Number of protein chains: 2
Amino acid sequence: MTASVGGCRRALEPTSAVGFVGPIADTEISMQPRATLHDVARLAGVSAKTVSRVYSGSSSVSPETRERILEAAKRLHFRPNTLARNLRQGGKTATVAFVMGDIRNPFYFQVAAGIEQELTKNGFTMLLASTGDAPESEPVVVDALLRQLVRALVLIPIAGDQSYLEGERHLGTPIITVDRPANDLVADTVVLANRSGMAEAVRSLTALGHRRIGFISNPSEMYTLTERLAGYRQALAEAGVADSSSWERLGNDRAISPESQVRSLLDSDDPPTAIVTGNNRATMGALRELKARPEEIALIGFDDFELAEMLGISVVAHDPIELGRAAGRLAIERIEHHAGPTRLIEIPTRLVKRGSGEIPAPGPRAD
Amino acid sequence: MTASVGGCRRALEPTSAVGFVGPIADTEISMQPRATLHDVARLAGVSAKTVSRVYSGSSSVSPETRERILEAAKRLHFRPNTLARNLRQGGKTATVAFVMGDIRNPFYFQVAAGIEQELTKNGFTMLLASTGDAPESEPVVVDALLRQLVRALVLIPIAGDQSYLEGERHLGTPIITVDRPANDLVADTVVLANRSGMAEAVRSLTALGHRRIGFISNPSEMYTLTERLAGYRQALAEAGVADSSSWERLGNDRAISPESQVRSLLDSDDPPTAIVTGNNRATMGALRELKARPEEIALIGFDDFELAEMLGISVVAHDPIELGRAAGRLAIERIEHHAGPTRLIEIPTRLVKRGSGEIPAPGPRAD
DNA sequence: CTGTTAGCGCATTCAT
DNA sequence: ATGAATGCGCTAACAG
């Protein structure tokens, strides 16, 4: 189509597989300055303000001049400078920041997807950054984004304390935390129904006669996991098991594998007849370990996964995208009218029975 | 800690599981105006420029005044306005845009993770948007980001033609496409070694005596998949199979399930002894379908997945994060020195043998 | 080491 | 329907 291009598709035939394939064509760029409103105005023979009107869309411009302006703009490759516009309009951007934890965690990305969906739907774009799950980097990352005058901050808190955001909150920036509540900061929050979801799973096991139920988790000192642990204990207490500590394997060290936790449980004096896991990683480990063993152990995992259906693994399922969507909607609502009480939204979970969690307890039932 | 907060942690005990949990505390915000350089300067008894110097870091300020300024800034919750700064500095922001396809596709997010890692390492932040894999939305989304004066554009192209970016390229904005090359646009590109990766997989099957090898893919008209198909055909041709069309099941309709494609292959007059898949989705479908059947079919999937090891599934593995990192590095390099020839980077794949791909062909070997 | 002047690109206010 | 002046918050280029 355009004359100056060509050769791109042909040049792309891979010639090597070691990672780098050399030059294709020369990127000659003349570095023209970017056209401004004034440039367009001059070329169209009108004032800058008239051009501005065309792009603001609000006030009216005669069809002919509008036409001339758009023509001139196209010729100059004009694109309005959002920086300048936002600055003039009192620092109101159309971006929302999302600060997530470890960027490689697919769960967070599902959440990001949900947020992005809602933002885009409302004309906002997402500024994304990650703390790498390092508590000390959270304020730094957040600060960098706030300097960009984002209209709202969606945050997966990792620092021990979010009180450093009090000032920003008073400036009117809505702050929404996702997956975990903030500490020492009033903020809207969206979390999963961690506790009740886990309790439901454990209840389904006690209903089948299980009493010796293992719980494995690593890490275990995060909000979500302490909630799940609480749900587990609560359901066991309801079934008459007051002390579950000997069935709990709680790690806080990445070096401890979920496999070893399961092993420790099953090799103990009084092994469990069922296991529930704190998260996806624990489920994967449990699957690997159980596969290598003869025991028939009931298993319910927290977090759904792609092959769970095929493998017949029962899970406490939830929708991370919905978690993000809820956060995104909250951000939009707060941007549109700041007032109102802080809200806590809990995204429901769903116990999906696929077989692994429906193995009854062995031996005499306690009926 | 802070007096005005409190109650947050306690208030978070879930009271319902239906998705919404009511108000917690009142978000009283007084909506103070944001402090500026001048406000800080006034409070510190210096000129605005001196405050500016403190935040620019370049020129020197006496320790005492610096101290006074930082003190004043803290009291006013001052944060430099990046909009204004960037505007003044000629529209140089520290953001890079990444436009991806369907935001729910975990592959893209892995890529995003890689990009983000490299950007953050170099002080840039990522503006994220998605086209939803809708060709017509690509120019719109891209335009919105370019208005924000991003320093580079990383794009997973979906529109049929990227020539609309020629103008921006001449303005000096580096453009990098990922996963697929651009059409009608000179741009740096990072892709997987789709063709050679698939060829390697098929060769490993022909080496085991397989000749009737199925290939399933849906969609199949995307760049990545036509490349993989080409690799498949090439390897088969090397093994003396000139026409593989009866083993190919190429869909371009989301309604066609990979299961049905596998079924169609295995129920044909001359069923294959091995199957290779075009992508992760096809692998999942093939697994589900093969599980329900008695046939022993060799299988190699394209794209690795979490449980592949446990299930013993051989795959053509690759590193999506590395794909992103390469793109991110390219963006940084281009930002730092624009010149130089266009580059094509190919990220290698790796055939991971886990058993499913090592099933020899049945019947007499062709030795 | 510090202050003054000017202007980045745009939109608001008030003209015409 | 269009134009002229003014300033958003900040920093380059100059003083001093």
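Quick note on labels: first sequence line is chain A, next is B, and so on, each numbered from 1. Please read these numbers as outputs of a predicted model, since none were measured by experiment.
Side-chain atoms of A:Thr82 and B:Gln148 form no donor-acceptor pair, as typed in the model, at a separation below 3.5 Å. Looking at A:Thr189 and A:Thr177, their side chains do bring a donor and an acceptor atom within 3.5 Å of each other. B:His337 and B:Glu333 form no side-chain donor-acceptor contact under 3.5 Å, judged by distance and modelled atom types alone.
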With a 3.5 Å cut-off and sequence neighbours excluded, list the donor-acceptor pairs that the side chains of residues 65-75 of chain B form with protein atoms.
residue: B:Thr65; atom: OG1; partner: B:Ser62; partner atom: O; Å: 2.9
residue: B:Thr65; atom: OG1; partner: B:Ser62; partner atom: OG; Å: 2.7
residue: B:Arg68; atom: NH1; partner: B:Ala44; partner atom: O; Å: 2.5

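A salt bridge links A:Arg34 with B:Glu168: the closest approach of a Lys/Arg side-chain nitrogen to an acidic carboxylate oxygen falls below 4.0 angstrom.
Axis angle, first five pairs versus last five pairs of the helix from C:dC1-D:dG16 to C:dT16-D:dA1: 30°, rounded to 10°.
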What is the per-nucleotide protein-contact pattern of nucleotides 6-11 of chain C, from the 5' end, where B denotes a base atom under 4.0 Å from a protein heavy atom, S denotes such proximity for sugar-phosphate atoms only, and - denotes neither?
BBBBBB

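Between the A:Asn81 side chain and the A:Leu83 main chain, a donor and an acceptor come within less than 3.5 Å of each other. Judged by distance alone, with hydrogens and angles left aside, the side-chain atoms of B:Arg151 form a donor-acceptor pair with the main-chain N or O of B:Thr93 at under 3.5 Å.
The interatomic distance linking A:Leu149 (CG) with D:dG9 (C1') rounds to 10 Å, in whole Å. We find that NZ of A:Lys92 is positioned 15 Å from C1' of D:dG9, with the value rounded to whole Å. Distance CG (A:Leu171) to C1' (D:dG9): 15 Å, rounded to an integer number of Å. Rounded to whole Å, the distance from CD on A:Gln148 to P on D:dC10 is 14 Å. Spacing between atom CZ of A:Arg42 and atom P of D:dG3 amounts to 14 Å, rounded to whole angstrom units.
Listed pair A:Thr50 / D:dG3 meets the phosphate criterion, a side-chain N or O lying under 4.0 Å from OP1 or OP2. Remark: B:Ser47 is not in phosphate contact with C:dT4, judged by side-chain N or O atoms under 4.0 Å from OP1 or OP2.
Aromatic rings of A:Phe78 and A:Tyr55 (six-membered ring for Trp) have centroids within the 6.0 Å cut-off, being under it.
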